[in-house]
Amino acid sequence: MVDPKIVREKMDVIQKSLEKRGVEFDLANLIKIDNERRALIQETEKLKKEKNELSEEIARLKKKGMPSDEQIEHLRELGQIIDEREQRLKIVEKNWEDMLLLIPNIPHSSVPAGKTDHDNQVVMVWGNKPAFDFMPLAHWELGEKLDILDFKRAAKITGSRFTLYKSSGALMERALINFMLDLHTRNHGYTEVLPPFMVNRETMTGTGQLPKFEDELFKINDTDYFLIPTAEVPVTNIHSNEILKEEELPLKYVSYTPCFRKEAGAHGKDTRGLTRQHQFNKVELVKFAHPEHSYEELESLLLDAEDILKTLKIHYRVSLLCTGDLGFSASKTYDIEVWLPGQNIYREISSCSNFESFQARRAKIRYRTHTGKTEFVHTLNGSGLAVGRTVMAIMENYQTKDGSIIIPEVLRPYMGGISIISR
RNA sequence: GGAGGGAUGGCUGAGUGGCCGAAAGCGGCGGUCUUGAAAACCGUUGGGCGUUUACGCGCCCCGUGGGUUCGAAUCCUACUCCCUCCGCCA
């Protein structure tokens, strides 16, 4: 949620932000509702003050003599008027909040203007495309030939966009999860957490998935629980409604979870292989940072995520997302895009964002400053990394002419020492 | 799933209809004392909203929502969560 004070006092800032993002929103109406809301608050509070004073008067009189019937009758009437005002206020307030929750975050000043992902800026490139003296295959071809990925049977079991991993494929997925968790906990100072994979509506609202994106989520029938689309949701909400100590910031968590997404609107896109699934595994990095240091923390978060690909020795580049491609809750986002020689494309494998106080305000995550005040923390997160897409990247980058896959050195201890997957 | 018990400030814990936003203790912070520290003593110590240049003033919050009452932390009600016992179960 954006700061309501900014909406009220610096409407042009919000207006510009909406334009940069290419989002339509009736700001004038929101301001109108806010004014109505505040007028109602002032009116009811004035009445309440009057009521409180009279009430005390009656309490005093009761001790000595009896209060008059007229006074009690007057109070009763006052109470009725207040009830009526409060009911109106409640409606207006709900309306106001509903609208506020639909305003996207304000992009950071360093975010380039742009409309689509074509306007994103490549800010760094690591390594080189591997040279092959044969036509490299896409991972789905390799996976089926090696009998380690079975898309047909997954479709039989559930439906499209699911995968059955087998033998070394399943082993590699599991190995990567452990490798990533170990690297981030041992080398980068993150605390491992294993959260619930279902969350309630309030939690989903805290990180910004609700109310706007309900149609992208899987909801459990007959409950108000949702399957998480990313560990960001449960992990960021670990500290919802809490006041943290300034000196314990930044808090850093790493979490493995499966992720469930409907991917509405992506029909017909990336239908083959592991790229776009309704269920996939991800190791996620989450930080709670001091507002003064959150952009430094974003840079180090990005490096922590990059470290996985560096250690696996896979070529990638980093893009800075433009205003039009930026997610609803984010102020600034870097995408790590891994090279996939079998498909001849770069593909997003991690997205690292600073949400500033946007999620913290929704989820009420605060810290106490040295002066004793409470302020909202800044929340950040990034994939470290998407596991299925990492399997995909290893398969395509480490393939050999005969269709085998060499296991990256660092992964071998996690895979029982094997160095190659072949038929 | 069945039967009971409970939810109060950072923590422990009083409070069963009217200066209770809440006693007391612990913890935290500031101070006195001390070369320094401890102990002791004194003071201070929740959050949100509205208004205000500011000092301040006002309103709301005792798990959450509704209700009774002139007045609710206190009474009623629904829900949520926690604890104990029984059943079931990985």
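Any value given below was found using the heavy atoms of this structure, including those in side chains, with hydrogens, waters and symmetry copies removed. On a predicted model such as this, the values are computed, not experimentally measured, just so you know. Note on naming: letters A, B, ... go to the chains in the order of the sequence lines (proteins, then strands), and numbering restarts at 1 for each one.
Going from atom CG of A/Asn35 over to atom P of B/G50 covers 12 Å, rounded to whole Å. Rounding to whole angstrom units, CG of residue A/Asn241 and P of B/G47 are separated by 15 Å. Atom CG of A/Leu40 and atom C1' of B/G50 are 12 Å apart (whole Å). Spacing between atom NZ of A/Lys51 and atom P of B/G71 amounts to 5 Å, rounded to whole angstrom units. Residue A/Glu36 contributes atom CD, which lies 16 Å from atom P of B/G50 at whole-angstrom precision. Summarising the geometry, the separation between CG on A/Leu78 and C1' on B/U69 is reported as 15 Å, rounded to the nearest angstrom. Separating the CG atom of A/Leu75 from the P atom of B/U69 is a distance of 14 Å, rounded to the nearest angstrom. Counting to the nearest Å, the C1' atom of B/G58 and the CD atom of A/Glu43 are 15 Å from each other.
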*Starting from the C-alpha separation in whole Å, work towards a yes-or-no answer on side-chain hydrogen bond (donor to acceptor under 3.5 Å, both in side chains) for A/Tyr367 and A/Glu246.*
CA-CA 6 Å; A/Tyr367 71 98; A/Glu246 186 172 29; 4.8 Å; no
*asked:* Set out, in order, the CA-CA distance, both residues' side-chain angles and the distance that settles salt bridge (Lys or Arg N to Asp or Glu O under 4.0 Å) for A/Lys310 and A/Asp307, then state yes or no.
replied: CA-CA 5 Å; A/Lys310 284 177 184 162; A/Asp307 202 19; 5.7 Å; no
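Close to B/G47, at under 4.0 Å from its OP1 or OP2, lies a side-chain N or O of A/Arg368. Listed pair A/Arg37 / B/G50 meets the phosphate criterion, a side-chain N or O lying under 4.0 Å from OP1 or OP2.
A/Glu43 pairs in a side chain to side chain donor-acceptor pair (under 3.5 Å) with only one of the listed residues (A/Arg38, A/Lys48, A/Arg85), which is A/Arg85.
Atom name C1', nucleotides B/U69 and B/U12: the rounded distance is 34 Å, in whole Å. Taking the P atom of each, B/G50 and B/G67 are spaced 24 Å apart, rounded to whole Å. Look at the P atom in both B/G17 and B/C86: the space between them is 38 Å, to the nearest Å. Across B/G46 and B/G9, the matching C1' atoms stand 5 Å from one another, rounded to whole Å. A gap of 16 Å separates the P atoms of B/C11 and B/A23, to the nearest Å. With both ends at atom C1', the span from B/U52 to B/G66 equals 35 Å, rounded to whole Å. Here, B/C33 and B/A38 have their P atoms 15 Å apart, quoted to the whole Å. The same atom, P, is picked in B/U64 and in B/G4; the two are 25 Å apart, to the nearest Å.
Residue contacts shown for A/Gln42 are limited to sugar-phosphate atoms, with no base heavy atom under 4.0 Å away. Using a 4.0 Å heavy-atom distance criterion, A/Arg8 is classed as a sugar-phosphate-only contact.
Heavy-atom distances to RNA chain B give each of A/Lys5 and A/Ile243 a nearest nucleotide, and the one nearer the 5′ end belongs to A/Ile243. Across the interface with RNA chain B, nearest-nucleotide mapping of A/Arg38 and A/Arg76 shows A/Arg38 to be the residue nearer the 5′ end.
Under the 30°/60° scheme for interplanar angles, the aromatic rings of A/His278 and A/Phe162 are found to be tilted. Between A/His293 and A/His290, the two ring planes are tilted [angle within 30° to 60°].
Checked for salt-bridge contact, A/Glu247 and A/Arg368 miss the test: no charged N lies under 4.0 Å from a carboxylate O.
Between the side chain of A/Glu348 and the backbone N or O of A/Glu337 there is no donor-acceptor pair closer than 3.5 Å.
Between A/His239 and A/Phe288, the ring centre distance stays below 6.0 Å.
Contact record, A/Asn354 with A/Ser294: ND2-OG, 3.0 Å, taken as the closest heavy-atom pair.
A donor and an acceptor atom, one from each side chain of A/Asn237 and A/Thr203, are nowhere located under 3.5 Å apart.
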_Nucleotide-resolved protein contact map, nucleotides 59-67 of chain B, B/S/- at heavy-atom distance under 4.0 Å_ = BS-----S-
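In RNA chain B, runs of at least 3 consecutive Watson-Crick or G-U pairs, each pair with both distances below 3.5 Å, span B:1-7 with B:80-86, B:10-12 with B:24-26, B:27-32 with B:40-45, B:46-51 with B:56-61, B:63-67 with B:75-79.
To the nearest 0.5 Å, the span separating OG on A/Ser255 from CG on A/Leu285 amounts to 10.0 Å.
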